[in-house]
> 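One structure follows; several queries about it will come next.
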Amino acid sequence: MSELSPYLADLPRLAPELLLTALALIVLVWDLVLRGRDSRKLGYLTLFGLVGTGWLLVQQWHAPTSTAFGMVVIDRFGTFFKLFTVGALAVVTLFVLSDRREKKHGVGEYFFLLIGAAIGIFFMVSTNNLVLLMLGLELLSLASYALAGFHKGSKRSAEAALKYIVFGGLSAGVMLYGISLLYGLTGTIDLAAMGRNAADGSSISLAAQFTASPVPVAIAVVLVLAGFAYKISVVPFHFWTPDVYEGAPTPVTTFLAVASKAAGFAALLRFIGALFMAEGVEVAVSAYAQRIGLLLALLAAITMTLGNLSALRQTNLKRLLAYSSIAHAGYALMGVAVMTSAGFSASIFYLAAYYLMNLGAFGFLLFFEGVTGSEDVDSLKGLGWRYPLVSCAMVVMLVSLTGLPPTVGFYGKYLLFYESVDAGYAWLAVVAALNSVVSLFYYFRVAKALFLTTVEDKPRVLQPVLTGIIAVLAVFTIVTGLFNRPLQEWANAGPASLHIPAAQK
Amino acid sequence: MAETLFYLLGALALAFAVGVVRARMPLFSVLSLLGSFFCLSGIYLLLGFPFLAATQLLVYAGAIMVLFLFVIMLLNLGDEAQLERHAGLSLSGRRLFVGGTAAALLGIVGLAAAQMNTTFVAGEVPQGRALDDLPTLAGLLFTRYMLPFEAASLLLLATMVGVIVLAKRQRGTSAVEAEAEAPALPAPPLSSGAPR
């Protein structure tokens, strides 16, 4: 007991995680009691629990950085992503509750799996310990596999789940292999400890190993990066994305596109930050970090180009948004590739913008599925005049996704472009700018279908909750675009809490 | 002696692993996997980890393999050639692709292993105690590694719920719908049950 007590004292710091776990278990048991009769109650309970978690997280934002169990780092970087995860999950829960096509299914386990995935994200974004990182990632992945296949009657949903499992299992294996190599090389599974030589000789820094034997280090890092690349659907590992996004139920797609992807990015930022850029990391690494940066920059360029060009051909709105999310992963990767503290801030800011606009875009998709029962861009025709509020909100999202002022998407892209040019990646900024022009074509095909066609008079289908969410998100997209100071300061807190010195250029 | 045994067991484990993918009958695949697990537990023994070796045998070779065998017997999976008409690429083409990828990966791994410089001290073991000492292992698992341990239990719970969600028949589905969902059923539970 005496050995355990110092660890038990850390438990209050894990309050948000514990609350979410309790919530997940209550939802699971309550679902058994309800016998699938009234699953909506579970949704309301989930929302209630999420509000509580959000409140706890806000408390942690103001508390100083601390560590629990020697492996969970509670800092502003992690809390930022946790807060966004909670927000995204709340919106997804509302989506599930207002999904007109969902009502016929018993959706009890749906909420359990969503909360489980969120707990996985919580561990992923706030740990330096590679074992816990892997467990969090797998918790997120396994819950997502089941969620993707939730519509069992539909063949596409089953296909989505199967593809996701096969790709996910493979890339998790690759990543685990990379981690085992890193452990073998350094003798520790803690990222912060890998950065420097331990005083007692219990571990060797990656820098020392890099000078001694560069090839194994390169292989290990690239294998781990491959695992992250799968999670954020960067190009050689993106094949699952369109099929899974299309086949999964739309609220699940929203969760995968927004929360899961941002979590992958957060873990990637922490990994690279702790290993190559934190204070006290030896100088030998920084030259190596530049090479990793160049690799990431190439991947970013290829990813955004391929995502945008493939999106051009899509007629299905869900697939179009899937390819668009691949392209956006490319943009957000720019900030990681430049390997500066300001680049990281830009990436974090862009991810926040990405949350807002994609939640809105997928909300619109859900709304529109509820109206027409189809996902084709063509069947959008004339809907703009019948549902002016939602459609105008969608146009705002599209403007933001393209990256035009006065939206948050514009400012996010501006920061990314500025930081890439500043770090000497001018070519990357040019590629990204050209890509934004390409994306204009397919985003505005949607806007054109909405407004530039004749009105066909049919009775309106009212979906007040969805309309409200989409409108609020649109307002947020514009307001945070115009008044971006607070969000930018929050994003800047990220690299600071990763101990990345600001002056490093 | 130990080194020879290690290479022998490693080569055998690899050969069995190739057998898992090469075998046409699912039953032989499972038996090859069993062989691979046995070799792996032998390697654990060589590394001075009798507990891990025993657990490997009990859990993987014992419980999980029996479950695999049950599923294969129940579903009556025969020669996998019957499944091949759906595939786009020809059989030899796929074999070439998969074999090539696997060989390339193996080459990379070999390259890494050959150049690896492993002169570190295992930092996780408390001073003066060996990790194969069971109380030490248990102590670490329930103090320093309590959080990953509990996270793993949560992971298993979520997996279990997920598998049941995918596998259970919908309440009140008609026979036609049940028919439609039938092809999707065997795969997800099988894959989720795979050791990871």
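Every chain is numbered from 1 and lettered A, B, ... according to where its sequence line falls, protein lines coming before strand lines.
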> Please give me the minimum heavy-atom distance between B:Gly162 and A:Ala146, naming the atom from each residue.
CA-CB, 3.4 Å

> What part of A:Leu113 gets within 4.5 angstrom of chain B, counting heavy atoms only: side chain, backbone, both, or neither?
side chain

> Between atom CE of B:Met146 and atom CG of A:Leu8, what is the distance when rounded to the nearest 0.5 Å?
5.0 Å

> Could you list the residues that satisfy side-chain contact (heavy atoms from CB on, under 4.5 Å) with A:Phe167, not counting sequence neighbours?
A:Tyr230, A:Phe239, A:Trp240

> Grab the two heavy atoms, one from B:Ala151 and one from A:Leu132, that are nearest each other, plus how far apart they are.
CB-CD1, 4.1 Å

> Starting at CG of B:Leu155, measure out to CD1 of A:Ile119 and round the result to the nearest 0.5 Å.
11.0 Å

> Which atom pair, heavy atoms only, marks the closest approach of B:Leu166 to A:Gly149?
CD2-O, 3.4 Å

> Is it the side chain or the backbone of A:Ile219 that comes within 4.5 Å of chain B heavy atoms, both, or neither?
side chain

> Any idea which heavy atoms bring B:Arg144 and A:Met71 closest together, and the distance?
O-CE, 3.5 Å

> In terms of heavy-atom proximity below 4.5 Å to chain B, should A:Val217 be classed as side chain, backbone, both, or neither?
neither

> Tell me, for A:Leu147 versus chain B, whether the close heavy atoms (under 4.5 Å) come from the side chain, the backbone, both or neither.
neither

> Could you tell me whether the side chain of A:Tyr7 reaches within less than 4.5 Å of the side chain of B:Leu147, counting heavy atoms only?
no

> What are the residues of residues 21-28 of chain A, in order of number, with any heavy atom under 4.5 angstrom from a heavy atom of chain B?
A:Thr21, A:Leu25, A:Leu28

> Tell me, side chain or backbone of A:Phe123 under 4.5 Å from chain B's heavy atoms, or both, or neither?
side chain

> Measuring heavy-atom distances to chain B, does A:Met134 have an atom under 4.5 Å in its side chain, in its backbone, in both, or in neither?
neither

> Please report the interatomic distance CG(B:Leu157) to CG(A:Leu142), rounded to the nearest 0.5 Å.
11.5 Å

> Which pair of heavy atoms, one from A:Phe112 and one from B:Val161, lies closest together, and at what distance?
CE2-CG2, 3.5 Å

> Return the CD1 to OH distance between B:Ile108 and A:Tyr177, rounded to the nearest 0.5 Å.
11.0 Å

